[in-house]
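To keep things clear, I will list the structure first and then write my remarks on it.
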Amino acid sequence: MVHKHFIKNAVIFTAMLLIVGVNSAPIMSKAGNDFGVAFSVDGETKFTDKQEKCTSSSVQMLCTDKDIDGSYYYGKVYAYKSGQYYDVSHGYEYYFDVNETHNMLNWVYEEHYNMACVKCQGYSVDDYHGAWFGGYWYPDI
């Protein structure tokens, strides 16, 4: 009788561990891309690497690091095709500083492009040292 009770409790405990383990596992987009953009002067423009975009979802960008206090950048989504960048943001532009995350509206997929990137424009850049930002962006969320 004691063995049946022990086995039953062991099975229940194992099942609970599996449920908690599966539900607490980190979920990451398989299309994620880290980025680093460096600006030398105010208003300078840089593009992230290009990534394939497969859905009409927003593009997500997370700014996790910067090296100069007071600096920031604006980001907007562009499509890329045959060596050309195309503004598919329809006017939506997003402010980024450390710990800023935005789901950026875009029309990459709807305008029949399949490659996306983010145009970043830096501001309050130190004249001597410049400014650097880092983080992650996801073309399909």
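The basis for the numbers below is simple: all heavy atoms, side chains too, and nothing from hydrogens, waters or symmetry mates.
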Could you tell me whether a side-chain N or O of T48 sits under 3.5 Å from a main-chain N or O of C117, the two making a donor and an acceptor? no

How long is the gap from CZ on F133 to CZ on F96, to the nearest 0.5 Å? 11.0 Å

Does the K53 side chain pair with the main chain of T55, one donor and one acceptor, at a distance under 3.5 Å? yes

Rounded distance [0.5 Å steps], OH in Y92 versus NE2 in H102: 14.0 Å

Hydrophobic clustering (ILVMFWY, side-chain heavy atoms < 4.5 Å, transitive) - are Y73 and F47 grouped together? no

Is it the case that over 12 heavy atoms from other parts of the model lie below 6.0 angstrom from the OH atom of Y85? yes

Residue pairs passing the salt bridge (charged side-chain N to carboxylate O under 4.0 Å, His left out) test where at least one lies in residues 72-85, sequence neighbours excluded: K76-D87

Hey, any chance I141 and L62 share a hydrophobic cluster, counting ILVMFWY side chains that come within less than 4.5 Å of each other, even indirectly? yes

Where V59 and P139 come nearest, the two heavy atoms and their spacing: CG2-O, 3.6 Å

Testing N103, D140, T101 one by one against Q60 for a side chain to side chain donor-acceptor pair (under 3.5 Å), which residue passes? N103

Spacing of Q51 atom CD and Y138 atom OH [to the nearest 0.5 Å]: 11.0 Å

If only atom types and distance count, is the side chain of K119 paired as donor or acceptor with the main-chain N or O of V77 below 3.5 Å? no

Starting from W137, can I reach V88 by hopping between I/L/V/M/F/W/Y residues whose side chains sit under 4.5 Å apart? yes

Pairs meeting criterion side-chain hydrogen bond (donor to acceptor under 3.5 Å, both in side chains) with involvement of residues 105-116, two or more places apart: H90-E111

Contacts table for residues 120-132: side-chain donor-acceptor under 3.5 angstrom, sequence neighbours left out:
| from | atom 1 | to | atom 2 | distance (Å) |
| --- | --- | --- | --- | --- |
| Q121 | NE2 | G43 | O | 3.0 |
| D126 | OD1 | Y128 | N | 2.8 |
| D126 | OD1 | H129 | N | 2.6 |

Are V37 and M104 connected, step by step, through hydrophobic side chains (Ile, Leu, Val, Met, Phe, Trp, Tyr) whose heavy atoms are closer than 4.5 Å? yes

Near-ring test Y86/Y78, centroid separation under 6.0 angstrom: no

Can you tell me if Y94 uses its side chain to pair, donor with acceptor, with the backbone of L105 under 3.5 Å? yes

According to a hydrophobic-cluster definition based on side-chain heavy atoms being under 4.5 Å apart (Ile, Leu, Val, Met, Phe, Trp, Tyr only), do M61 and F39 belong together? yes

